[in-house]
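Numbers restart at 1 for each chain; the letters A, B, ... are given by sequence-line order, proteins then strands.
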Protein chains: 2
Amino acid sequence: MHILIVEDEASIAGFLRKGLEANGFHVQIASDGLMGQKMALDYPYDLIIADVNLPRQNGRDMVEILRRQKVDTPILMLSALGTSNDIITGLDVGADDYLVKPVQFDILMARVRALTRRHTGRLNSEPTLVVGDLVLNQDERTAKRGSRPINLTAKEFQLLEYLMQNQGRVVSRASIAEQVWDMQYTMSSNSIEVYVGILRKKIDQPGSPQLIHTVIGEGYVLRAP
Amino acid sequence: MHILIVEDEASIAGFLRKGLEANGFHVQIASDGLMGQKMALDYPYDLIIADVNLPRQNGRDMVEILRRQKVDTPILMLSALGTSNDIITGLDVGADDYLVKPVQFDILMARVRALTRRHTGRLNSEPTLVVGDLVLNQDERTAKRGSRPINLTAKEFQLLEYLMQNQGRVVSRASIAEQVWDMQYTMSSNSIEVYVGILRKKIDQPGSPQLIHTVIGEGYVLRAP
DNA sequence: TTACCACTATGCATATACTCATCGTTGAAG
DNA sequence: CTTCAACGATGAGTATATGCATAGTGGTAA
């Protein structure tokens with residue numbers, strides 16, 4: 001979980017970093033608005049904490065520009081200003097939350113948890129993936145179809161995981177190659193077809209409805225019946 | 001945009017409803033925690049505003065139960081209690097934001113906008129194209145006319161996608177050839193006519209109004225009836 | 001060795017893309 | 001109202017692309 005802090009006062013930035021790192025977050029610091037904007041565009045942080053008063057470009061403008069550029073990372077703004085007008089404009093340019101300094105660290109942590117929970121709840125933190133009666137437990141690295149356990153090798157597991165993460169969506173061979181095999185897709189190999197075939201034999205046994213579907217010319221899709 | 005207010009004090013509930021309705025939201029009110037829980041499970045509200053102190057079941061418990069039941073609607077909590085501990089437990093059971101009463105309405109509105117913006121951003125960005133009762137989902141690569149699913153091959157899908165992206169506009173054979181076939185248009189082939197014909201057979205079945213129209217000498221146009 | 005895994009090679013079956021010849025429609029001129 | 005030419009639609013047939021089962025190779029670890 002990566003957090004970007006945009007704050008020019010080194011003492012505050014350090015205080016936040018220390019506390020956040022103690023809670024298991026990775027923290028990077030930008031010391032002005034332009035630097036913050038650049039870093040936010042370069043890396044998909046899970047959360048951005050930004051001061052309003054910043055050198056070179058203030059926090060509000062930075063947020064507005066980031067939102068215009070389709071960065072949808074949650075943003076928590078900090079400011080010494082506590083008038084309702086400040087808060088409103090801060091939220092309206094695209095911030096998700098607003099705290100007035102001096103901040104109490106435990107309140108900040110609670111807000112950080114609330115913001116990061118929503119953002120990644122769907123993607124990362126779920127230990128199990130479910131499609132129909134197929135359940136994949138990412139922690140235990142096990143899979144089950146209904147009550148029947150399924151034995152998977154490492155590659156098979158990765159492939160199934162990727163398909164389940166994209167359930168309902170058609171995934172191309174190219175993206176499978178990138179995500180599961182970590183390589184460029186070349187037509188010179190049919191590993192993907194072979195592995196899909198193996199998965200089918202293990203998962204879509206006759207009797208239960210089929211989950212893995214081929215979309216000719218496009219790729220594959222895992223879909224609940 | 002539908003908002004559920006869970007609040008037992010009629011004066012506050014009425015104050016909020018009036019303000020929110022003036023801003024274009026549809027509002028429903030539940031007067032205790034159990035009623036709120038039931039309503040939140042029954043209908044996919046875009047936002048829930050809940051008091052902490054409620055009869056029959058307090059707001060914190062309600063939020064916790066809703067989150068357990070996978071309701072992921074954004075929740076904004078209100079409370080007379082402003083100690084950091086209250087705020088923290090409120091956020092940690094699954095609320096997204098927390099305001100201390102008495103609330104200033106303009107601040108509340110700003111937070112409401114921030115919360116609903118994020119939530120619907122995800123849903124609306126679903127990549128679907130719609131023309132009349134014809135719906136094309138680009139992720140799933142599926143198409144439907146009304147409730148009838150339509151099976152399309154890759155080329156057919158691309159052609160329909162292009163026509164739908166340009167709905168209401170007449171597209172020439174030349175531009176279709178470029179965009180769908182990736183080639184210069186030469187009259188030496190009638191593939192386009194053939195594929196339009198196939199699409200017609202699949203989409204414009206007798207009984208429903210026709211969507212694909214020929215503009216002689218110009219090209220084709222997809223238009224809602 | 002034996003067992004297992006990741007990956008490759010081959011050939012078949014079939015869905016799909018495209019071509020061609022023919023037929024239908026349209027609209028303006030006679 | 002006909003006739004005719006230009007334009008578009010369509011059905012049948014062919015070629016190609018695509019996916020898949022199966023068998024096989026090489027590497028690794030117990």
Side-chain angles (χ1 to χ4, degrees), chain A residues 141-143 149-163 170-206 210-223, chain B residues 136 141-143 149-163 170-206 208 210-223:
Chain A
R141 307 242 122 202
T142 57
I150 298 168
N151 249 332
L152 297 175
T153 70
K155 264 274 148 8
E156 292 159 13
F157 187 91
Q158 279 183 275
L159 173 59
L160 180 58
E161 188 178 29
Y162 184 62
L163 289 174
V170 175
V171 290
S172 67
R173 279 152 225 278
S175 60
I176 292 175
E178 268 180 43
Q179 298 296 315
V180 179
W181 269 265
D182 263 335
M183 59 175 205
Q184 291 294 330
Y185 174 61
T186 60
M187 315 232 309
S188 62
S189 156
N190 70 339
S191 316
I192 294 175
E193 274 100 333
V194 172
Y195 273 86
V196 169
I198 295 172
L199 273 188
R200 280 205 167 111
K201 240 179 276 171
K202 293 189 175 184
I203 291 166
D204 285 340
Q205 288 182 340
Q210 192 185 349
L211 297 179
I212 302 176
H213 305 268
T214 304
V215 183
I216 296 184
E218 298 293 339
Y220 298 93
V221 58
L222 191 71
R223 178 178 289 134
Chain B
L136 185 125
R141 298 207 97 77
T142 56
I150 299 168
N151 248 332
L152 298 174
T153 70
K155 264 268 144 27
E156 293 159 13
F157 188 92
Q158 279 182 273
L159 174 58
L160 180 58
E161 189 178 27
Y162 184 61
L163 289 174
V170 176
V171 290
S172 66
R173 278 152 226 279
S175 60
I176 292 176
E178 267 180 45
Q179 297 296 316
V180 180
W181 269 265
D182 262 335
M183 60 178 206
Q184 291 295 329
Y185 175 60
T186 60
M187 315 234 310
S188 62
S189 154
N190 73 336
S191 314
I192 294 176
E193 275 97 336
V194 172
Y195 272 86
V196 169
I198 294 171
L199 274 189
R200 280 204 168 112
K201 239 181 279 174
K202 293 190 175 184
I203 291 167
D204 285 341
Q205 288 183 342
S208 343
Q210 193 185 349
L211 296 179
I212 303 176
H213 305 269
T214 304
V215 182
I216 293 187
E218 298 290 335
Y220 298 93
V221 58
L222 190 70
R223 179 179 291 133

Find the distance [X]:[atom1] to [N]:[atom2] and express it as a whole number of Å.
| X | N | atom1 | atom2 | result |
| --- | --- | --- | --- | --- |
| L199(A) | dC7(C) | CG | P | 13 Å |
| I192(A) | dA21(D) | CD1 | C1' | 17 Å |
| Y195(A) | dC5(C) | OH | P | 9 Å |
| I198(A) | dG24(D) | CD1 | C1' | 14 Å |
| D204(A) | dC20(D) | CG | P | 12 Å |
| K155(B) | dT16(D) | NZ | P | 16 Å |
| I212(B) | dG8(D) | CD1 | P | 16 Å |
| R200(B) | dG24(C) | CZ | C1' | 13 Å |

Taking every non-hydrogen atom, the tightest pair across [X] and [Y]:
| X | Y | result |
| --- | --- | --- |
| E156(A) | N151(A) | OE1-O, 4.0 Å |
| L152(A) | K202(A) | CD2-CD, 4.0 Å |
| I150(A) | I203(A) | CD1-CG1, 4.0 Å |

With sugar-phosphate meaning primed atoms plus P, OP1 and OP2, does V196(B) contact a base, only sugar-phosphate, or nothing at under 4.0 Å between heavy atoms?
->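 No contact at all - V196(B) keeps every heavy atom at 4.0 Å or more from the nucleic acid.
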
May I ask you to verify if any side-chain N or O of [X] is less than 4.0 angstrom from the OP1 or OP2 atom of [N]?
| X | N | result |
| --- | --- | --- |
| Y220(B) | dA9(D) | yes |
| S191(B) | dA17(C) | no |
| W181(B) | dA17(C) | no |
| R173(A) | dG19(D) | yes |
| T214(A) | dC20(D) | yes |

Please tell me which of the listed nucleotides, [options], lies nearest to the side chain of [X]?
| X | options | value |
| --- | --- | --- |
| K201(B) | dG8(D), dG11(D), dC18(C) | dG11(D) |
| E193(A) | dG8(D), dC7(C), dC20(D) | dC20(D) |
| I216(B) | dT16(C), dC7(D), dT22(D) | dC7(D) |
| T153(B) | dT19(C), dC7(C), dT16(C) | dT16(C) |

Is D204(B) reaching over with its side chain to a backbone N or O of L211(B), donor-acceptor style, under 3.5 angstrom?
-> yes

Going by modelled atom types, is there a donor-acceptor pair between the base of dT10(D) and the side chain of N190(B) at under 3.5 Å?
-> yes

Less than 3.5 Å apart, which donor and acceptor atoms pair up between the side chains of residues 215-223 of chain A and the rest of the protein, not counting sequence neighbours?
{"from": "E218(A)", "atom 1": "OE1", "to": "R141(B)", "atom 2": "NE", "distance (Å)": "3.4"}
{"from": "Y220(A)", "atom 1": "OH", "to": "R173(A)", "atom 2": "NH1", "distance (Å)": "3.3"}

